[in-house]
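Quick note: numbers below take in every heavy atom, side chains included, and nothing from hydrogens, waters or symmetry partners.
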Amino acid sequence: MKCSRRAVLTMAGLPILAGCGGPVDFTPAAHRSPEQERSSAPEEVEVESSFFGRSTDGRHVALPGAAPSGLVFSTPHLDGRIGEIYSGQVLPYDVATHLDRMNPLRAPEGHRFVAFTARAGRPAFEEDVEHPVEAFLEVDGSPLPLRNLFGGYSRGAYGVDWELIVACVRDGGRVVLGVTDEGRTVRVDLTAGTAVDDDAWAANEGFRERRVVAFEPGSATYERAFTTAPPEGIERETGELELGLAPDNAFLAPWNPVHGWAPVGRMWLTIPMHATVAFRELPAVVELDLQASFEYRSATGEPAPLVAPLTVSTEEVRRQRADIIPTFEVDGWEDAATLTFDAVGRATVQYTELQVPATLTGGSTPVRFALTLSDGPDRF
């Protein structure tokens, strides 16, 4: 028996249609009635009271009915911002799918979900084995580790931009996001939508609210004469030190790996001076006393102590084996300050067969920089 091509195609489709569990609805979704939509939606699934979920695909997840937050949680080696916080009994299907669940989720009786989104920022320092970060979610006092938050930070970026984290908690219970870094733990009470305002939170303020420093002028040259003091019978000689200073890329933070934590309410201001050294007439070596050479004052006239380094050799700077990088303990929240340099130190000159001392002489003109401190750019 011969069959037409149309008949073959028709018969080939019969098993497919016959295998369906019921009639096929060819009505486009946009034209279906609410009753049709409800009948096709997945049923809610009730979860265990210990439910915990986390999405790390990096995409932003909208949480229907959530409250916007914008609260920044930052430490030396971690930087993030809470996007939204949701509290309710049901996680919609569109949210549940990000947790690899194919149904809307319902919390058991007497419980609710607390869910939040978090966006990655840019930490001040990169985490390593010597400076680890421990993030956790505390559900009714029981901590759940959040390993590798934002996929870890490497080569100047986090692995993912967004995280979604969900926990089930009893009604009236508390969910807290915590980060332990350099011996201090900051906490965000997600049920209240506020930070736990304690000493650790206060100490990390400078990481949450970054500040930048600008200098005017951008560079200057300091000049200072010196005279040798040779033994009797040897003629004195004079020369001049030329020290170029170009402060830039100043870093202001309440913690750094060299000095640890600054006192609460204070910050470390580290200023690379990009120094250059040259001598006129007579080469010398000057051991600069940086504590005596630098003076930092806020706009109100308050001095800030230099904490390190205490000295530096012009020979090391001249050979580019060192730079002049002073660190001051400052308030950090002022809008302006001044930094003055006027060299104080011990100079020596190498004669043919002996080394002789030299004295910095002459009426030097100090180099003065005006500092402007302002809020840094948005990291999120």
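Residues Leu78 and Phe207 have side chains not in contact (no heavy-atom distance under 4.5 Å, counting atoms from C-beta outward). With contacts defined as side-chain heavy-atom distances shorter than 4.5 Å, the pair Pro42/Met102 does not qualify. A heavy-atom distance below 4.5 Å is found between the side chains of Val188 and Leu71. Residues Leu290 and Ile324 form a side-chain contact, since some pair of their non-hydrogen atoms from C-beta on lies under 4.5 Å apart. Asn256 has its side chain within reach of Phe125: a pair of non-hydrogen atoms, C-beta onward, lies under 4.5 Å apart. Counting heavy atoms from C-beta outward, Glu329 and His259 have side chains that stay 4.5 Å or more apart. For the pair Cys168/Pro108, a side-chain contact is recorded, criterion being any heavy-atom separation below 4.5 Å from C-beta on. Residues Phe328 and Pro305 form no side-chain contact, since every pair of their non-hydrogen atoms from C-beta on lies 4.5 Å or further apart.
Heavy-atom minimum distance, Trp261 versus Ala203: CZ3-O, 3.7 Å. Minimum heavy-atom separation, Gly218 to Pro247: O-CD, 3.7 Å. The two atoms that bring Leu373 and Gly332 nearest to each other are CD2-O, 4.0 Å, heavy atoms only. Summarising the geometry of Val349 relative to Ala284, their closest heavy-atom pair is CG2-CB, 3.8 Å, with the distance given to 0.1 Å. Residues Asp342 and Ser364 come closest through the heavy atom pair OD1-OG, 2.9 Å. Heavy atoms only, all atoms of each residue included: Val114 and Ser87 are closest at CG2-OG, 4.4 Å.
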Begin with the C-alpha distance, continue with both residues' side-chain angles, and end with the deciding distance and a verdict on side-chain contact (heavy atoms from CB on, under 4.5 Å) for Phe226 and Leu282. CA-CA 9 Å; Phe226 60 89; Leu282 184 67; 3.9 Å; yes

Step-by-step side-chain contact (heavy atoms from CB on, under 4.5 Å) determination, Val212 to Asp375: CA-CA 6 Å; Val212 294; Asp375 295 337; over 6 Å; no

From CA spacing to verdict: salt bridge (Lys or Arg N to Asp or Glu O under 4.0 Å), Arg184, Glu205: CA-CA 13 Å; Arg184 302 193 177 188; Glu205 182 179 10; over 6 Å; no

Determine, step by step, whether Met267 and Trp333 satisfy the side-chain contact (heavy atoms from CB on, under 4.5 Å) criterion, reporting the C-alpha distance in whole Å, the side-chain angles of both residues, the deciding distance to 0.1 Å, and the verdict. CA-CA 9 Å; Met267 288 196 273; Trp333 302 108; 3.8 Å; yes

Pair Leu339-Leu371, side-chain contact (heavy atoms from CB on, under 4.5 Å): steps then yes or no: CA-CA 7 Å; Leu339 178 64; Leu371 282 66; 3.8 Å; yes

Please evaluate residues Arg297 and Thr338 with respect to the criterion side chain to side chain donor-acceptor pair (under 3.5 Å), reporting the C-alpha separation (whole Å), side-chain torsions for both, the decisive distance (0.1 Å), and the verdict. CA-CA 5 Å; Arg297 286 189 179 273; Thr338 58; over 6 Å; no

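Between the CD atom in Glu138 and the CZ atom in Arg187 there is a gap of 5.5 Å [rounded to 0.5 Å]. Of the inter-residue distances, the one linking Arg318 atom CZ with Leu243 atom CG reads 13.5 Å to the nearest 0.5 angstrom. In this structure, CG in Asp289 is found 9.5 Å from CG in Leu306, a value given to the nearest 0.5 Å. Going from atom CZ of Phe215 over to atom CG of Asn249 covers 9.0 Å, rounded to the nearest 0.5 Å. Atom CG of Asp331 and atom CG of Leu252 lie 9.5 Å apart (nearest 0.5 Å). For the atom pair CD of Gln355 and OG1 of Thr348, the computed distance is 4.0 Å after rounding to the nearest 0.5 Å.
Counting heavy atoms of neighbouring residues, nucleotides and ligands inside a 6.0 Å radius, atom CD of Glu281 does not exceed 12 of them. Summarising the local packing, CZ of Arg321 is surrounded by more than 12 heavy atoms from other residues, nucleotides or ligands at distances under 6.0 Å. Taking a 6.0 Å sphere around CG of Asp199, one finds it holds 12 or fewer heavy atoms contributed by other residues, nucleotides or ligands. By the 6.0 Å contact criterion, CD on Glu134 is open, its count of non-hydrogen atoms from other residues, nucleotides or ligands being 12 or less.
For the pair Ser293 (side chain) and Val344 (backbone), a donor-acceptor distance under 3.5 Å is present. The main-chain N or O of Thr227 is never found under 3.5 Å from a side-chain atom of Thr238 such that the two would form a donor-acceptor pair. A donor-acceptor pair under 3.5 Å is absent between the side-chain atoms of Trp255 and the main chain of Trp268, judged by distance alone. Within the 3.5 Å criterion, the main-chain N or O of Arg101 finds no donor-acceptor partner in the side chain of Thr97. When atom types are taken as modelled, the side chain of His98 and the backbone of Ala96 share no donor-acceptor pair closer than 3.5 angstrom. Here the side chain of Arg224 pairs a donor or acceptor atom with the backbone of Thr361 at under 3.5 angstrom. Between the Arg112 side chain and the Gly173 main chain, a donor and an acceptor come within less than 3.5 Å of each other. Under a 3.5 Å cut-off, the side chain of Arg119 and the backbone N or O of Phe380 do form a donor-acceptor pair. Arg211 places a side-chain N or O within donor-acceptor distance of the main-chain N or O of Glu334, the cut-off being under 3.5 Å. Of the possible polar contacts, one joining the Asp140 side chain to the Arg174 backbone as a donor-acceptor pair under 3.5 Å is found.
Using a 4.0 Å cut-off between charged nitrogen and carboxylate oxygen, Arg210 and Asp79 count as a salt-bridge pair. We find that Glu163 and Arg54 are joined by a salt bridge, their nearest charged nitrogen and carboxylate oxygen being less than 4.0 Å apart.
Residue pairs that meet the ring-ring contact (aromatic ring centres under 6.0 Å, His included) test with at least one member in residues 154-195, sequence neighbours left out, are His60-Trp162, Phe150-Tyr158, Tyr153-Tyr158.
For the side-chain hydrogen bond (donor to acceptor under 3.5 Å, both in side chains) test with Thr75, the passing option among Thr185, Asp181, Asn204 is Asp181; the others fail. Looking at Glu48, Glu43, Glu44 one by one, the single match for salt bridge (Lys or Arg N to Asp or Glu O under 4.0 Å) with Arg106 turns out to be Glu44.
Taken together through direct or relayed side-chain contacts under 4.5 Å among Ile, Leu, Val, Met, Phe, Trp and Tyr, Ile271 and Leu245 form part of one hydrophobic cluster. In the hydrophobic clustering of this structure, Val139 groups with Leu190; members are Ile, Leu, Val, Met, Phe, Trp, Tyr whose side-chain heavy atoms approach within less than 4.5 Å, directly or through other members. Linking Ile, Leu, Val, Met, Phe, Trp and Tyr whenever their side-chain heavy atoms come within less than 4.5 Å puts Leu144 and Val175 in one cluster. Tracing side-chain contacts under 4.5 Å through hydrophobic residues (I, L, V, M, F, W, Y), one never reaches Leu91 starting from Ile82; they form parts of separate clusters. Transitive grouping of hydrophobic side chains (ILVMFWY, heavy atoms separated by less than 4.5 Å) keeps Val61 and Val160 in distinct clusters.
Between the side chains of Arg236 and Thr228, no donor-acceptor pair of N or O atoms lies under 3.5 Å.
Aromatic ring centres of Phe369 and Phe294 lie farther apart than the 6.0 Å criterion allows.
Residues satisfying the salt bridge (Lys or Arg N to Asp or Glu O under 4.0 Å) criterion with Arg319, sequence neighbours excluded, are Glu315.
A cation-pi contact, defined as under 6.0 Å to the ring centre and within 45° of the axis, links Arg208 to Trp201.
Between His77 and His131, the ring-plane angle classifies as parallel under the 30° and 60° cut-offs.
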